[in-house]
Amino acid sequence: MLFQSHPAVDTKPSAAWSGGTLWVAWESNRTPESRQMRRVYVASVKDAAVSALEALSDEAVCSYDPATLALDDGAVYVAWHSFADNNYDIYARRRLSSGAWEATRRLTKAPAIDRHPILFARGSEPWIAWEGAQMSSYSIGGVSGKNVKVGRIGADGIEVPKSADAPRPLNAEAPSASFDAAGRLWVVGIRGSERGW
């Protein structure tokens, strides 16, 4: 076993491979002083050696369901959703090829629930897809609609073209997305009541 066992809950791993290094991010409550708080952690594996783990998300808010992306230039992205300011939004951090992690960026600010991000690339461009859920009132499972949204992560946040060709929200959940060899974006998700893709 590569990672040391720990009495905390370690769940929802996500991994990406880059230049001989495997990057793994996951959700855990392993911080002793905040056992009820979920945080996103990351570590790398190279030549069967595991790095020290690093906490990426804010210790003051619960954070869930990380996604990981490694680009050819050595940059590594990790995205997740957190409950902060009375709302669920998507957050991300980037590790530069120098080894430094940039500050956390809040990527969404909608008055709905933004959650379950996935990361993917188009060449050297980082892209993200996520689920946006609308609620009429606060209750467990009480969403009135779910949409898969997609965009490119740019310097100012998530970028979507302002044209008829812009990716439209898909009435679905559990997104997956990729670009094909022709540069076309393909997005899939589960349609709720039909349970079809």
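Hydrogens, waters and symmetry mates are skipped; everything else that's a heavy atom, side chains included, is used.
The heavy-atom pair separating Ala112 from Asn87 by the smallest distance is O-OD1, 3.1 Å. Taking each heavy atom of Ile118 and Ala67 in turn, the nearest pair found is CA-CB, 3.8 Å. The two residues Pro175 and Glu131 come nearest to each other via the heavy atoms CG-N, 4.4 Å. Shown here for Thr68 and Ala25, the closest heavy-atom pair between the two residues is OG1-CB, 3.5 Å. Counting all heavy atoms, side chain and backbone alike, Gly157 lies closest to Leu107 at CA-CD2, 4.3 Å. Contact record, Ile158 with Gly151: CG2-CA, 3.8 Å, taken as the closest heavy-atom pair.
By the 4.5 Å heavy-atom criterion applied to side chains, Met37 and Cys62 are counted as neighbours.
By the 30° and 60° cut-offs, the orientation of the rings of Phe120 relative to Trp127 is tilted.
Without hydrogens or angle criteria, Ser28 side chain to Val9 main chain gives a donor-acceptor distance under 3.5 Å. In this structure a side-chain-to-backbone donor-acceptor pair under 3.5 Å is present from Ser51 to Ser44.
The hydrophobic clustering, which links ILVMFWY residues whose side-chain heavy atoms are closer than 4.5 Å, places Val148 and Phe179 together. Under the 4.5 Å side-chain heavy-atom criterion for grouping Ile, Leu, Val, Met, Phe, Trp and Tyr, Trp23 is not connected to Leu71 through any hydrophobic cluster. Grouping the Ile, Leu, Val, Met, Phe, Trp and Tyr side chains by contacts below 4.5 angstrom, directly or via other members, places Tyr64 apart from Tyr91. Connection of Trp101 to Val40 is established within a shared hydrophobic cluster, with ILVMFWY side chains joined at heavy-atom distances below 4.5 Å, either directly or through further cluster members. Linking Ile, Leu, Val, Met, Phe, Trp and Tyr residues whenever their side-chain heavy atoms come within less than 4.5 Å places Tyr41 and Val24 in a single cluster.
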Item to complete: List the steps, then state whether side-chain contact (heavy atoms from CB on, under 4.5 Å) holds for Thr104 with Asp58.
Response: CA-CA 8 Å; Thr104 301; Asp58 188 335; over 6 Å; no
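Every residue was checked against the salt bridge (Lys or Arg N to Asp or Glu O under 4.0 Å) condition with Arg93, not counting sequence neighbours, and none meets it. Residues that satisfy the salt bridge (Lys or Arg N to Asp or Glu O under 4.0 Å) test with Arg106, not counting sequence neighbours, are Asp85, Asp89.
Considering CD1 of Ile90 and CD1 of Ile113, their distance stands at 11.0 Å, rounded to 0.5 Å. From Ile153, atom CD1 reaches atom CD of Glu159 across 10.0 Å, with rounding to the nearest 0.5 Å. Annotation: the span from Leu185 atom CG to Ser178 atom OG amounts to 8.5 Å, rounded to 0.5 Å. Glu27 CD to Ser57 OG: the interatomic distance, rounded to the nearest 0.5 Å, is 9.0 Å.
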Run the side-chain donor-acceptor check on residues 74-81: report pairs under 3.5 Å with partners two or more places apart or on a different chain.
| residue | atom | partner | partner atom | Å |
| --- | --- | --- | --- | --- |
| Tyr77 | OH | Arg94 | NH1 | 3.4 |
| Trp80 | NE1 | Ser82 | OG | 3.0 |
| His81 | ND1 | His116 | N | 3.2 |

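Residue Trp130 forms a side chain to side chain donor-acceptor pair (under 3.5 Å) with just one option from Asp65, Asn147, Asp114, and that option is Asp114.
Remark: Asp180 CG is packed, more than 12 non-hydrogen atoms of other residues, nucleotides or ligands lying under 6.0 Å away. Other residues, nucleotides and ligands place no more than 12 heavy atoms under 6.0 Å from the CG atom of Asp156.
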